[in-house]
Amino acid sequence: MRLRPNNLVVNNQFLIYAINCNVVQDQFKAITKGTTRPRVNLTIVRDINLSLPPLPEQHRIVAKIEELFSSLDKGIESLKTTQQQLKVYRQAVLKWAFEGKLTNKDIVNGKLPDSWQWISFSDLIKISQNGLSKRNSKEGLDFKVLRLSDIESLSISYSFPRYIKLSKEESDKYRLYDGDLVCIRVNGSKDLVGRLVIIKEKDAASGWAFCDHFIRFSLDASITIAPFYFYYFQLDTVRKYVQENMVSSAGQNTVSQGTMRSLVVPLPPVHEQNTIVAEIESRLSVCDKIEETIEQGLKQAEVLRQSILKKAFEGRLVPQDPNDEPASVLLARIMAEREKNKPENLPRCQPEKTQA
């Protein structure tokens with residue numbers, strides 16, 4: 001749909017801001033046709049009500065909006081820059097941690113501390129298996145079955161759990177236990193595939209099983225702790241390895257047990273792993289708080305943007321000039337001119353009379 005505003009009545013940019021204002025958008029939402037694919041037509045657009053100030057005031061309003069929006073955009077840009085810097089810092093913390101730099105002095109770049117060693121991830125795993133493929137049953141004990149929709153920020157969400165009945169044999173095989181690592185095996189998002197979720201004590205006590213979109217890794221607790229590798233698998237280098245080795249088909253991306261098990265990982269002593277995890281969580285918790293503040297700032301910026309537009313179209317953003325010709329007078333003059341120039345109102349040429 002194309003609209004061509006009358007520049008004698010309305011400033012184009014003023015009209016754009018007016019349409020993007022929540023007051024006008026709410027009018028669209030109230031009368032928009034369609035449920036799955038909402039749409040508007042010319043009749044709907046023509047029925048929208050707009051407050052129209054004098055044209056000179058429209059110019060002043062646009063200038064003031066753009067001045068305020070410019071300042072607001074600079075603030076938003078600064079917040080987003082800080083967000084990117086936080087991402088870089090998070091990766092730096094993880095890199096230092098798994099190079100041993102958070103817990104050891106005089107680390108030589110490219111070399112692990114003397115008490116560390118490189119090891120295949122498979123050597124740390126006691127059990128690895130894909131999840132349950134059945135979707136329903138009428139017999140057995142009720143268990144919550146972990147699905148992709150239950151994962152939120154790499155933790156289990158209890159908002160909308162789905163229950164399934166499992167036999168004793170199935171519950172023994174697919175029940176999740178404290179300290180298990182659950183790997184996202186298949187997903188439409190490449191960024192989520194291969195991510196790990198730690199099963200915490202409360203999760204284990206709540207009775208969770210897991211579906212076949214996941215792989216469960218139970219680690220040897222005598223030589224390692226699950227949180228250490230939960231964070232290790234968030235390293236950019238590990239994410240690159242997973243993405244280079246996943247299989248993509250029909251919009252789904254899949255990583256295998258073999259791919260995950262074959263990853264080479266560092267192994268420090270258990271006491272040092274605990275210290276490293278504590279250091280990581282201490283530093284990343286500060287990042288989380290800053291990130292939360294940034295998100296609040298971005299939301300407030302959008303609220304402020306709408307507040308500016310609301311004030312603009314309530315006539316409270318710029319001073320009004322009594323010398324401005326009212327928009328109603330200008331509109332009346334234009335409508336009269338249009339009426340005058342309608343084809344039926346124009347004088348018709350009379351045919352010349354012919355003499356007999």
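Residues: numbered from 1 along the sequence shown.
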Should the heavy atoms of other residues, nucleotides or ligands under 6.0 Å from [atom1] of [X] be counted, would the total exceed 12?
X: K134; atom1: NZ; result: yes
X: K165; atom1: NZ; result: yes
X: D114; atom1: CG; result: no

Using atom types as modelled and distance alone, determine if a side-chain donor or acceptor of [X] lies under 3.5 Å from a backbone N or O of [Y].
X: S70; Y: E67; answer: no
X: D150; Y: R147; answer: yes
X: D123; Y: I119; answer: no
X: D212; Y: G131; answer: no
X: S78; Y: K74; answer: no
X: D324; Y: Q320; answer: no
X: S285; Y: E281; answer: yes
X: Q58; Y: F14; answer: no

Can you name the nearest heavy-atom pair linking [X] to [Y], along with the distance?
X: P113; Y: I107; result: CG-CD1, 3.6 Å
X: D180; Y: S218; result: OD1-OG, 2.7 Å
X: N109; Y: K101; result: OD1-NZ, 2.9 Å

Decide, yes or no, whether a salt bridge links [X] with [Y] under the criterion of side-chain N to carboxylate O below 4.0 Å.
X: R305; Y: D73; value: yes
X: K95; Y: E99; value: yes
X: D236; Y: K87; value: no
X: K299; Y: E302; value: no

Going by heavy atoms in the side chains, are [X] and [Y] under 4.5 Å from each other?
X: D142; Y: L166; value: no
X: L148; Y: F214; value: yes
X: M246; Y: K190; value: yes
X: S171; Y: L141; value: no

Carefully, step by step, assess E314 and K311 under the rule salt bridge (Lys or Arg N to Asp or Glu O under 4.0 Å). CA-CA 5 Å; E314 289 177 347; K311 284 184 178 180; over 6 Å; no

Decide whether [X] and [Y] meet the rule of one side-chain donor and one side-chain acceptor closer than 3.5 Å.
X: T224; Y: Q273; value: yes
X: S122; Y: S120; value: yes
X: D203; Y: Y158; value: yes
X: E295; Y: Q83; value: yes
X: W96; Y: E279; value: no
X: Y232; Y: T237; value: no
X: S256; Y: T259; value: yes
X: Q243; Y: N253; value: no
X: K240; Y: N245; value: no

Are [X] and [Y] connected, step by step, through hydrophobic side chains (Ile, Leu, Val, Met, Phe, Trp, Tyr) whose heavy atoms are closer than 4.5 Å?
X: I19; Y: L55; answer: no
X: V264; Y: I125; answer: yes
X: I184; Y: I127; answer: no

From the list Q257, R216, K173, side chain to side chain donor-acceptor pair (under 3.5 Å) partner of Q129 resolves to R216

Applying ring pair (Phe, Tyr, Trp, His ring centres under 6.0 Å) to Y17 and F313, what does each step give before you reach the verdict?
CA-CA 9 Å; Y17 286 134; F313 302 113; 7.7 Å; no

Open item on the list: Is the terminal nitrogen or CZ of R175 (NZ for Lys, CZ for Arg) located under 6.0 angstrom from the six-membered ring centre of F143 and within 45° of that ring's axis?
Closed with: no

To the nearest 0.5 Å, what is the distance between [atom1] ([X]) and [atom2] ([Y])?
X: L146; Y: I199; atom1: CG; atom2: CD1; answer: 6.0 Å
X: Q234; Y: I280; atom1: CD; atom2: CD1; answer: 8.5 Å
X: H59; Y: E57; atom1: NE2; atom2: CD; answer: 11.5 Å
X: Y174; Y: L176; atom1: OH; atom2: CG; answer: 12.0 Å
X: S222; Y: L219; atom1: OG; atom2: CG; answer: 10.5 Å
X: S128; Y: L181; atom1: OG; atom2: CG; answer: 12.0 Å

inquiry  = Applying side chain to side chain contact (heavy atoms under 4.5 Å, CB included) to R90 and L284, what does each step give before you reach the verdict?
reply    = CA-CA 7 Å; R90 286 177 186 272; L284 295 191; 3.8 Å; yes

Checklist entry - Taking the six-membered ring for Trp, are Y229 and F121 parallel (under 30°), tilted (30 to 60°) or perpendicular (over 60°)? => result tilted

- Residue pair D191, S189: steps toward the side-chain hydrogen bond (donor to acceptor under 3.5 Å, both in side chains) verdict: CA-CA 5 Å; D191 186 59; S189 168; 5.2 Å; no

TODO: Start with the C-alpha distance between E272 and S115, add both sets of side-chain angles, then the distance that settles side chain to side chain contact (heavy atoms under 4.5 Å, CB included), and finish with yes or no.
DONE: CA-CA 10 Å; E272 196 170 343; S115 58; 3.7 Å; yes

In short, ring pair (Phe, Tyr, Trp, His ring centres under 6.0 Å) pairs touching residues 252-302 with sequence neighbours left out are none

| request: Check step by step if ring pair (Phe, Tyr, Trp, His ring centres under 6.0 Å) holds for Y231 and F98. | output: CA-CA 9 Å; Y231 287 115; F98 298 113; 7.8 Å; no

Step by step, work out the side chain to side chain contact (heavy atoms under 4.5 Å, CB included) result for F233 and M260. CA-CA 10 Å; F233 275 72; M260 301 301 290; 3.3 Å; yes

